[in-house]
Protein chains: 2
Amino acid sequence: MQDRSQTLSPMIDKLQLWRPLDPAEKRAILALPHKVEEARAHACLVREGEKPSHSCLLLEGFAFRHKVLVDGSRSISAIHMKGDIVDLQNALLGTADHSVETLTRATVAFIPREEMKRIAFEFPSVGLAMWYDTLVDGSIFREWIANIARRDAAARLAHLLCEFGLRLQAIGLGDRRSYQLPMTQEQLADATGLTSVHVNRTLMDLESRGLIARSKKAVTIADWKRMEDAAGFNEAYLHLRGQVSLSPP
Amino acid sequence: MQDRSQTLSPMIDKLQLWRPLDPAEKRAILALPHKVEEARAHACLVREGEKPSHSCLLLEGFAFRHKVLVDGSRSISAIHMKGDIVDLQNALLGTADHSVETLTRATVAFIPREEMKRIAFEFPSVGLAMWYDTLVDGSIFREWIANIARRDAAARLAHLLCEFGLRLQAIGLGDRRSYQLPMTQEQLADATGLTSVHVNRTLMDLESRGLIARSKKAVTIADWKRMEDAAGFNEAYLHLRGQVSLSPP
DNA sequence: CGAGCGTTTGATCGGTGTCAAGGATCGTGG
DNA sequence: CCACGATCCTTGACACCGATCAAACGCTCG
């Protein structure tokens with residue numbers, strides 16, 4: 001942040017979760033033209049139906065993707081954090097099929113879609129890493145489908161909390177067992193196919209079973225193994241290749 | 001099929017839904033090394049946890065991706081048909097995070113993963129089309145999340161039937177309003193987060209409301225517009241760019 | 001023709017939704 | 001620094017959609 005030339009470094013860190021990059025490739029990423037904006041909480045970054053000409057990269061803060069159905073109900077399909085290229089889909093596919101909104105105050109870099117295409121083919125390792133990134137996105141979607149389709153409310157929420165912790169830890173933003181969760185219970189409901197009332201009761205249930213502790217927005221997972229069991233959680237779908245499993249229990 | 005050199009042409013047709021390809025690019029696709037296999041119905045093409053070294057391309061027949069949860073319940077995350085590259089994810093990401101199984105007897109081409117990577121970067125238009133393809137996959141996953149999370153049983157099934165019809169039509173396999181549905185009610189249940197018993201009752205309900213007609217595996221949608229309304233269906237997420245909407249009502 | 005799978009049906013149960021109201025917390029402006 | 005309004009969280013009573021369990025029926029393909 002201090003050094004203007006390092007602004008896009010979270011993208012490098014994220015892509016290196018998937019593939020190593022050499023210095024020239026990193027320089028090419030840092031040299032991508034972009035404009036940085038500060039967004040307040042609950043700001044709309046992309047609106048369904050628009051034709052975004054830029055990809056947006058989250059440099060700081062959290063965001064989510066969602067759709068609003070005809071009856072007004074809402075479905076959240078992904079949560080995003082530092083380093084995530086939130087809008088590669090919409091930028092490449094033309095018309096946005098869903099909206100993107102900030103969860104918290106956030107810093108976002110907008111990169112022209114043509115530049116994203118260019119760097120992907122000029123530097124195949126970068127392209128492959130970006131492709132991996134979209135494939136891992138897909139893997140997470142599939143797990144969410146299974147989560148919503150086949151797990152009960154307690155397991156669904158436990159699963160979401162496990163995933164969030166692991167992903168935070170993978171990008172160096174803390175410990176999977178204790179973190180700030182920047183979501184309201186209504187947003188948790190929209191991400192799990194429940195109602196906010198039931199999310200409330202279920203969180204209290206998880207707490208009474210000693211699986212989690214809460215205070216304000218902070219969540220603590222008392223015993224990771226028990227939590228995984230309660231969630232039916234298996235981190236394989238995140239494709240984190242061992243970085244995470246090697247960290248202290 | 002008759003001409004050995006045209007075996008992979010369904011892949012060209014599929015990719016050209018997303019981007020036009022020039023003759024050299026088409027030739028490169030047709031020249032991809034591959035082996036063709038016939039698979040019987042209910043055959044397993046990829047098993048979760050394996051490390052597939054090949055992508056598999058569906059030349060004929062139908063398949064689906066699924067996960068089995070710890071309690072034995074099953075979640076189907078995608079249905080695939082002619083031209084779909086079913087296993088790009090697993091082949092590129094390393095370890096398969098889900099299984100792939102045939103729905104019907106099928107003809108499948110296996111292409112080495114290294115060849116898929118090579119062609120993607122040697123012919124950027126092909127690479128871009130493949131990337132689009134994975135992005136559209138992601139878009140469909142997001143719609144399924146919304147479908148399962150926020151629609152009731154009747155709308156969920158109606159939505160699945162609309163999608164199936166449109167996709168069949170897009171690859172020239174018939175009319176969106178009347179087709180053979182190669183799925184059992186139990187598979188429909190696993191694809192919609194319901195039980196087979198409830199799928200049965202709901203299909204009969206759709207039938208009694210005059211939205212669909214059934215006989216054996218054939219499904220007919222009486223009035224497309226009414227069906228879309230019942231499903232809350234909006235084809236935008238399929239990113240078919242007008243090919244479909246331009247067809248006769 | 002028989003076995004096996006898939007479909008249909010009925011009765012009952014339970015997990016989640018709905019509606020409504022009160023209480024806590026946060027952000028903002030004075 | 002406090003006051004106030006707006007969100008957000010919590011709680012209760014009740015309704016209902018879809019799950020469960022069990023059994024019979026009908027294809028379809030050896």
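Within every chain, numbering begins at 1; the chains are lettered A, B, ... in the order of the sequence lines, protein sequences first and strands thereafter.
Overall bending of the helix from C:dC1-D:dG30 to C:dA21-D:dT10, expressed as the angle between end axes built from five pairs apiece, is 50° (10° steps).
Listed here is the closest heavy atom pair of B:A189 and B:T195: CB-C, 3.4 Å. Shown here for A:A146 and B:S75, the closest heavy-atom pair between the two residues is CA-OG, 3.3 Å.
A salt bridge does not link A:E186 to A:R74: none of the charged nitrogens lies less than 4.0 Å from a carboxylate oxygen. A salt bridge links A:R150 with B:D190: at least one charged nitrogen is closer than 4.0 Å to a carboxylate oxygen. Comment: A:R65 does not engage A:D84 in a salt bridge, judged by the lack of any side-chain N to carboxylate O separation of less than 4.0 angstrom.
Protein atom CG of B:L206 is 12 Å distant from nucleotide atom P of D:dG18, rounded to whole Å. Distance NE2 (A:H198) to P (D:dA15): 18 Å, rounded to an integer number of Å. The distance from atom CG of B:L181 to atom C1' of C:dG6 is 14 Å, rounded to the nearest whole Å. Across the protein-nucleic acid pair, B:L194 atom CG and D:dC17 atom P stand 14 Å apart, rounded to whole Å.
Every residue meeting the ring pair (Phe, Tyr, Trp, His ring centres under 6.0 Å) condition with A:Y179, not counting sequence neighbours, appears here in chain and number order: A:F164.
B:V136 is listed as a side-chain neighbour of B:I140, based on a closest heavy-atom distance under 4.5 Å. When side chains are defined from C-beta on, A:V68 does not count as touching A:E48, because their heavy atoms never get closer than 4.5 Å. Considering only heavy atoms from C-beta on, B:L160 stays 4.5 Å or farther from B:R156 through its side chain.
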Please list, for nucleotides 8-11 of chain D, all pairs of protein and nucleotide N/O atoms separated by less than 3.5 Å.
unit_1, atom_1, unit_2, atom_2, d
D:dC9, OP2, A:Q185, N, 2.8
D:dT10, OP2, A:Q185, NE2, 2.8
D:dT10, OP2, A:N200, ND2, 2.6
D:dT10, O5', A:N200, ND2, 3.2

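Proximity of a side-chain donor or acceptor of B:T102 to a complementary backbone N or O of B:R40 within less than 3.5 Å is detected.
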Side chains of residues 199-207 of chain B: which donor-acceptor pairs under 3.5 Å do they make with residues two or more places apart or in other chains?
unit_1, atom_1, unit_2, atom_2, d
B:N200, ND2, B:Q185, OE1, 2.9
B:T202, OG1, B:H198, O, 2.6
B:D205, OD2, B:R209, NH1, 3.2
B:E207, OE1, B:R214, NE, 3.2
B:E207, OE1, B:R214, NH2, 3.0
B:E207, OE2, B:R214, N, 3.3

Inset, instruction - Verify side-chain hydrogen bond (donor to acceptor under 3.5 Å, both in side chains) between A:H159 and A:E143, making sure each step is shown before the conclusion. - result: CA-CA 10 Å; A:H159 196 280; A:E143 186 67 29; 3.1 Å; yes

Legend entry - Contact letters for nucleotides 23-30 of chain D, in which S counts primed atoms plus P, OP1 and OP2 and B counts the base, heavy atoms under 4.0 Å: -----S--

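Remark: A:D152, A:A153 in residues 147-157 of chain A come within less than 4.0 Å of DNA chain C through at least one heavy atom.
Aromatic ring pairs are classed by plane angle as parallel below 30°, tilted from 30° to 60° and perpendicular above 60°; the pair B:F233 and B:Y237 is perpendicular.
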